[in-house]
Amino acid sequence: MTELSVNLNAVAFLRNRRGLPWPSVVDLGRIALEAGAAGLTVHPRPDERHITRADVPDLMNLITSEFPDREFNIEGYPNEAFMALVEKIRPHQITLVPDAPSQPTSDHGWDFRTHAFKLQSIVSRLKHTGARLSLFADPDPDPKQLEAAVSTGTDRIELYTGPYGGAFNDAVTTAAELEKLGQTADAARQHGLGINAGHDLTVDNLPALVARIPDLAEVSIGHNLTADALTYGMAETVRRFRRSCGQVV
Ligand SMILES: CC(=O)[C@@H](O)[C@H](O)COP(=O)(O)O
Ligand SMILES: NCC(=O)COP(=O)(O)O
């Protein structure tokens, strides 16, 4: 079954517009978990444009104290500050992305052939936290790329679905991007890697993705989910996204 992890970045972005404590990422995270989300995801970027480092222990405490059967996934670039944060928090999953500090968003995965050696020591160090490791990956079924990903010691890759999600008004490109994702997932499976996915996923594009990648373990979704929550509320939105993942709600 494909699990849904709710990314709270956009909630934090709205909160940060003013020096006020609402909307609360903890309160919205609680509603999402009560509605059946398998976990929460945050991406505490160096500039704290949305999720701050202070948010992270509050959200981990929410899960460990109120939802001990759910997961906390922390995403980020493995600089020393990020490594120290996740080593202190010890989340259930750590997702490493190759983002530069100034990047507007995550818009590409790791080039494993270039970065495997660097990632090996980072993955090895972070495994001592007890977390599952996931590495952000472009849709690229090249066996050399997947072999390099395996050499890092990672448990999973997270397929970058931005090009797929961004082609929402172009059926031909959508189909082509979906097949690239599917072929990459097929290759990853053959190499023993678990498969996550994320970026610009919606209730409309999720069903085809889950159908093409039936063992897709987890999708992490924030931007469009938060937009829908403005219309339907967080609880009903989580239920809508869970149904789009094929879950019986
Ligand atoms: C890795 C990924 O695609 C997203 O989880 C990322 O966290 C998006 O970052 P922003 O919310 O800052 O755009
Ligand atoms: N890893 C993807 C994620 O957590 C959220 O991406 P998006 O839904 O905000 O594009």
Side-chain angles (χ1 to χ4, degrees), residues 2-17 23 25 28-29 32 37-53 55-56 59 70-79 82 85-86 91-110 131-139 154 156-168 177 181 184-185 194-206 209-210 213 216-230 234 237-238 240-242 244-245:
T2 301
E3 299 287 10
L4 172 65
S5 184
V6 172
N7 184 308
L8 294 168
N9 293 355
V11 175
F13 215 66
L14 181 58
R15 178 202 59 197
N16 290 2
R17 289 185 71 244
V25 293
L28 271 294
L40 301 176
T41 291
V42 295
H43 189 150
R45 293 184 179 271
D47 61 10
E48 297 192 313
R49 67 189 73 165
H50 40 56
I51 292 291
T52 69
R53 277 174 284 284
D55 290 324
V56 178
L59 291 165
R70 315 295 171 85
E71 292 199 346
F72 193 32
N73 174 38
I74 303 178
E75 301 178 329
Y77 179 83
N79 61 22
F82 178 83
L85 176 66
V86 294
H92 303 85
Q93 179 171 268
I94 300 166
T95 301
L96 301 180
V97 299
D99 291 12
S102 59
Q103 252 176 247
T105 188
S106 304
D107 59 12
H108 64 280
W110 294 98
R132 176 192 317 118
L133 265 291
S134 181
L135 300 180
F136 207 43
D138 293 316
T154 190
R156 296 186 184 173
I157 59 171
E158 176 179 337
L159 295 172
Y160 169 49
T161 53
Y164 171 63
F168 61 93
E177 291 297 337
L181 290 162
T184 307
I195 305 158
N196 291 348
H199 208 91
D200 288 336
L201 291 175
T202 72
V203 292
D204 295 325
N205 64 30
L206 261 174
L209 183 70
V210 173
I213 310 172
L216 179 59
E218 175 188 285
V219 288
S220 43
I221 306 175
H223 186 76
N224 181 261
L225 186 148
T226 305
D228 278 6
L230 296 175
M234 178 60 84
T237 296
V238 166
R240 294 176 82 243
F241 271 84
R242 289 179 59 206
S244 292
C245 291

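Just follow the structure's listing: the first ligand is 1, and inside any ligand the first atom is 1. Positions are given from 1 along the sequence. When reading the values below, keep in mind they use all heavy atoms of this one structure, side chains included, and skip hydrogens, waters and symmetry mates.
Looking at Asp200, Asn9, Leu225, it is Asp200 that brings a heavy atom closest to atom 10 (O) of ligand 2. Around atom 12 (O) of ligand 1, the closest heavy atom drawn from His50, Arg49, His223 belongs to His50.
Remark: the Asn7 side chain and the Ser220 side chain contain no N/O donor-acceptor pair separated by less than 3.5 Å. In this structure, a donor-acceptor pair under 3.5 Å is absent between the side chains of Thr237 and Asp228.
Using a 4.0 Å cut-off between charged nitrogen and carboxylate oxygen, Asp47 and Arg45 do not count as a salt-bridge pair.
The protein heavy-atom contact nearest to atom 9 (O) of ligand 1 is Arg45 NH2, 3.0 Å. Nearest non-hydrogen protein atom to atom 5 (O) of ligand 1 is Glu75 OE1, 2.5 Å. In this structure, the protein non-hydrogen atom closest to atom 4 (O) of ligand 2 is Asn7 ND2, 2.8 Å. With hydrogens left out, the protein atom closest to atom 8 (O) of ligand 2 is Gly222 N, 2.8 Å, a heavy atom. With hydrogens left out, the protein atom closest to atom 3 (C) of ligand 2 is Ser220 O, 3.2 Å, a heavy atom. Closest to atom 6 (O) of ligand 2 among all protein heavy atoms lies His199 CA, 3.7 Å. In terms of protein heavy-atom proximity, atom 11 (O) of ligand 1 is closest to Asn9 ND2, 2.8 Å.
At a heavy-atom distance under 4.0 Å, only side-chain atoms of Thr41, from C-beta outward, approach ligand 2. In Phe136, the part holding a heavy atom less than 4.0 Å from any atom of ligand 1 is the side chain. At a heavy-atom cutoff of 4.0 Å, ligand 2 is contacted by no atom of His43, backbone or side chain.
Near Gly198, the atoms of ligand 2 lying under 4.0 angstrom from a non-hydrogen atom of the residue are 2 (C). Using a 4.0 Å cut-off to heavy atoms of Asn7, the atoms of ligand 1 that qualify are 5 (O), 7 (O). Interface of His223 with ligand 2, defined as ligand atoms under 4.0 Å from a residue heavy atom, comprises 7 (P), 8 (O), 9 (O). Atoms of ligand 1 lying under 4.0 Å from any heavy atom of Thr105, numbered from 1 in the order shown and given with element: 8 (C), 9 (O), 10 (P), 13 (O). Near Glu158, the atoms of ligand 2 lying under 4.0 angstrom from a non-hydrogen atom of the residue are 1 (N), 2 (C). Against a heavy-atom cut-off of under 4.0 Å, His43 is close to the following atoms of ligand 1: 6 (C), 7 (O). Of all the atoms in ligand 1, the ones that sit under 4.0 Å from a non-hydrogen atom of Ser106 are 1 (C), 2 (C), 3 (O), 6 (C).
Considering all non-hydrogen atoms of both residues, Gly39 and Arg70 come closest at CA-CB, 4.4 Å. Closest of all the heavy-atom pairs between Pro23 and Leu28 is CB-CD2, 4.2 Å. For the pair Val210 and Cys245, the tightest heavy-atom approach, listed with the atom from each and the gap, is CG1-O, 3.6 Å.
Some N or O of His199 is nearer than 3.5 Å to an N or O of ligand 1, by distance alone. For ligand 2, none of its N or O atoms has an N or O atom of Asn224 under 3.5 Å away.
Looking at heavy atoms from C-beta onward, Tyr164 lies in side-chain contact with Leu209 at the 4.5 angstrom threshold. Thr105 places none of its side-chain heavy atoms less than 4.5 Å from the side chain of His223. Residues Phe72 and Val56 are in side-chain contact: their nearest non-hydrogen atoms beyond the backbone lie under 4.5 Å apart.
Ring pair His199/Phe136 is tilted by interplanar angle, where 30° to 60° counts as tilted. Relative ring orientation between His50 and Phe13 is described as tilted, the plane-to-plane angle lying within the 30° to 60° band.
Remark: of the listed residues Glu71, Glu158, Glu75, Glu218, Glu218 is the sole one forming a side-chain hydrogen bond (donor to acceptor under 3.5 Å, both in side chains) with Gln93.
Rounded to the nearest 0.5 Å, atoms CG (Leu216) and CZ (Arg156) are 9.0 Å apart.
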